[in-house]
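Report on the following structure.
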Number of protein chains: 2
Amino acid sequence: MAECDVDLCEVREVHQEKVSEITAKMPEEDELYDLAELFKVFGDSTRMRILFALFEADICVCDLAQALGMTQSAVSHQLRILRQARLVSSRREGKQVIYFLTDEHVRTIIDKGREHIEED
Amino acid sequence: MAECDVDLCEVREVHQEKVSEITAKMPEEDELYDLAELFKVFGDSTRMRILFALFEADICVCDLAQALGMTQSAVSHQLRILRQARLVSSRREGKQVIYFLTDEHVRTIIDKGREHIEED
DNA sequence: CAAACATATGAGCATCTGTTCATATGTTTA
DNA sequence: TAAACATATGAACAGATGCTCATATGTTTG
């Protein structure tokens with residue numbers, strides 16, 4: 001680690017054009033953060049199960065809890081995260097709150113993930 | 001919370017068909033886990049930045065560290081995670097190890113994420 | 001309006017995750 | 001082969017995350 005000064009390659013000039021190009025084309029910090037936050041929401045098997053459930057039907061929190069064998073509280077906490085990411089929406093029907101997928105993005109993203117997993 | 005016995009809706013029968021259908025169509029635990037693990041890899045802005053860097057060029061660890069302003073160690077740890085998820089691959093060129101995107105899945109998945117973010 | 005029902009939420013706790021630091025492994029060069 | 005270079009990795013620590021428990025909020029019904 002000498003060319004790599006301070007463990008950060010500060011002295012290197014070898015591929016400076018590459019480094020510059022990468023820096024130039026890097027999206028804004030905001031977009032990177034938002035993207036990571038979005039995928040983070042998909043990165044939990046409980047939330048994944050909730051999303052698969054919503055593929056089948058619009059459903060209230062209580063049914064969802066029963067279908068997944070989880071407490072109402074745990075499901076509700078996860079639904080809040082999904083709602084904040086605008087992946088699911090809700091409507092009130094009497095005492096119940098019915099959750100549903102906001103749009104087809106969820107299905108598309110998960111399908112792409114499946115394609116990656118299922119190959120090889 | 002009475003119909004919802006033990007905080008789990010055990011007594012409810014109201015939407016039992018829905019619950020059954022959801023349970024029936026739920027993917028295997030393995031697939032849910034693998035999917036969540038895959039998206040978890042996308043769910044960190046450092047790894048997101050690494051992936052965007054690799055959109056531009058195949059690159060060695062040292063250049064990557066410089067481009068991102070991170071230590072070589074931190075980058076290397078993240079590259080291991082990306083490699084284990086088969087999102088990136090590597091080849092050795094002399095002293096250096098060059099990293100590159102395994103295939104187009106990464107780009108597709110990130111593009112779908114961007115579509116979701118950029119709407120509304 | 002009170003009681004029952006359905007959902008949401010804050011606090012606390014155990015676990016997971018990303019970074020740093022030190023060092024090991026692997027490759028080239030003098 | 002010794003020294004320099006490039007990358008990988010284990011341990012440790014701080015911050016994030018998901019669940020539980022208790023309780024608050026919101027809706028309907030008697």
Side-chain angles (χ1 to χ4, degrees), chain A residues 1-15 32-33 36-37 39-50 58-66 68-85 88-99, chain B residues 1-15 32-33 36-37 39-50 58-66 68-85 88-99:
Chain A
M1 216 152 300
E3 220 180 319
C4 287
D5 199 38
V6 195
D7 207 27
L8 242 152
C9 301
E10 287 180 1
V11 187
R12 294 196 70 199
E13 297 296 332
V14 188
H15 303 117
L32 292 167
Y33 179 81
E37 287 303 303
F39 286 118
K40 202 172 290 184
V41 174
F42 287 95
D44 175 82
S45 56
T46 291
R47 288 191 291 269
M48 197 56 73
R49 295 206 297 155
I50 292 178
D58 297 4
I59 193 173
C60 67
V61 179
C62 200
D63 282 347
L64 204 42
Q66 184 173 358
L68 304 185
M70 295 181 59
T71 65
Q72 176 270 323
S73 179
V75 170
S76 188
H77 276 297
Q78 296 304 338
L79 283 170
R80 183 169 47 77
I81 292 172
L82 290 164
R83 200 161 9 92
Q84 285 171 346
V88 309
S89 306
S90 62
R91 63 174 181 270
R92 187 170 270 280
E93 288 187 3
K95 282 187 275 197
Q96 304 188 133
V97 176
I98 308 294
Y99 280 83
Chain B
M1 214 150 302
E3 220 178 321
C4 288
D5 198 38
V6 196
D7 208 25
L8 241 151
C9 301
E10 289 181 1
V11 186
R12 294 196 68 201
E13 298 296 331
V14 188
H15 303 117
L32 292 167
Y33 179 82
E37 287 302 303
F39 287 117
K40 202 172 287 181
V41 174
F42 288 95
D44 175 81
S45 56
T46 292
R47 288 191 290 269
M48 198 55 74
R49 296 207 297 153
I50 292 177
D58 297 6
I59 193 174
C60 66
V61 179
C62 199
D63 281 347
L64 204 42
Q66 183 173 358
L68 304 186
M70 296 181 58
T71 64
Q72 175 269 323
S73 178
V75 171
S76 189
H77 276 297
Q78 297 303 340
L79 283 170
R80 182 168 47 77
I81 292 171
L82 290 165
R83 202 161 6 92
Q84 285 172 345
V88 309
S89 306
S90 62
R91 63 174 180 271
R92 187 170 269 281
E93 289 188 3
K95 281 185 277 198
Q96 305 186 135
V97 174
I98 308 293
Y99 280 83

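Please read all numbers here as calculations on a predicted model, not as lab measurements. Quick note on labels: first sequence line is chain A, next is B, and so on, each numbered from 1.
Regarding R92(A), its CZ atom lies at a distance of 14 Å from the P atom of dT25(D), rounded to whole Å. Between the CD atom of E93(A) and the C1' atom of dG26(D) there is a distance of 16 Å, given to the nearest Å. Between the CG atom of L79(B) and the P atom of dG18(C) there is a distance of 13 Å, given to the nearest Å. In this structure, CG of L64(A) is placed 12 Å from C1' of dT7(C), rounded to the nearest angstrom. Atom CZ of R91(A) and atom P of dA6(C) are 17 Å apart (whole Å). The CD1-P distance, from I81(B) to dA8(D), rounds to 13 Å in whole Å. Rounded to whole Å, atom P of dT9(D) lies 9 Å from atom CD of Q84(B). Note: CE (M70(B)) to P (dA8(D)) measures 14 Å, nearest angstrom.
The side chain to side chain contact (heavy atoms under 4.5 Å, CB included) with Y99(B) is formed by just one residue from the set D58(B), V61(B), I50(B), V75(B); it is V61(B).
Nearer to the 5' terminus of DNA chain D, by closest-nucleotide assignment, is the contact made by G43(A) (compared with the other of G43(A) and G94(A)).
Aromatic stacking of H77(B) on dT9(D): satisfied, with centres closer than 5.5 Å and planes within an angle under 30 degrees.
Taking only side-chain atoms of C60(B), from C-beta outward, the nucleotide of dT7(C), dT7(D), dA8(D) with the closest atom is dT7(D). You'll find that the side chain of A74(B) is closest to dT20(C), out of dT27(D), dT9(D), dT20(C). Closest contact between the side chain of K95(A) and the listed nucleotides dC19(D), dC5(C), dT9(C) involves dC5(C). Of the candidate nucleotides dA8(C), dT27(C), dT7(D), dA8(C) has the atom lying nearest to any side-chain atom of V97(A). Proximity note for S76(A) (side chain, C-beta onward) versus dT27(C), dT9(C), dT17(D): the nearest is dT9(C).
R47(A) has a side-chain polar atom (N or O) that falls below the 4.0 Å cut-off from OP1 or OP2 of dG18(D). Under 4.0 angstrom from either OP1 or OP2 of dC19(D) there lies at least one side-chain N or O belonging to Q78(A). Distances shown here put every side-chain N or O of Y99(B) at or beyond 4.0 Å from the OP1 or OP2 atom of dA6(D).
Considering all non-hydrogen atoms of both residues, F39(A) and M48(B) come closest at CD1-CE, 3.5 Å. Of all non-hydrogen atoms in V41(A) and A85(A), the two that sit nearest each other are CG2-CB, 3.9 Å. Nearest heavy atom pair, residue S45(B) against residue L32(A), reads CB-O, 4.2 Å.
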Could you check Q66(B) against C62(B) for side chain to side chain contact (heavy atoms under 4.5 Å, CB included), going step by step and ending with a plain yes or no? CA-CA 6 Å; Q66(B) 183 173 358; C62(B) 199; over 6 Å; no
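To the nearest 0.5 Å, atom CG of residue L79(B) and atom OG of residue S89(B) are 11.5 Å apart.
A distance-only check finds a donor-acceptor pair linking the side chain of R47(A) to the backbone of K40(A) [under 3.5 Å]. Distance alone, capped at 3.5 Å, places no donor-acceptor pair between the R83(B) side chain and the S90(B) backbone.
Counting distance only, with no hydrogens placed and no angle test, the side-chain atoms of Q72(B) and the base atoms of dA6(D) include no donor-acceptor pair under 3.5 Å. The base of dT7(C) does not come close enough to the side chain of S73(A) for any donor and acceptor atom to sit less than 3.5 Å apart. Side-chain atoms of T71(A) and base atoms of dC21(D) include no donor and acceptor less than 3.5 Å apart.
Between its opening and closing five pairs, the helix from dC1(C)-dG30(D) to dA30(C)-dT1(D) changes axis direction by 20°, a value rounded to 10 degrees.
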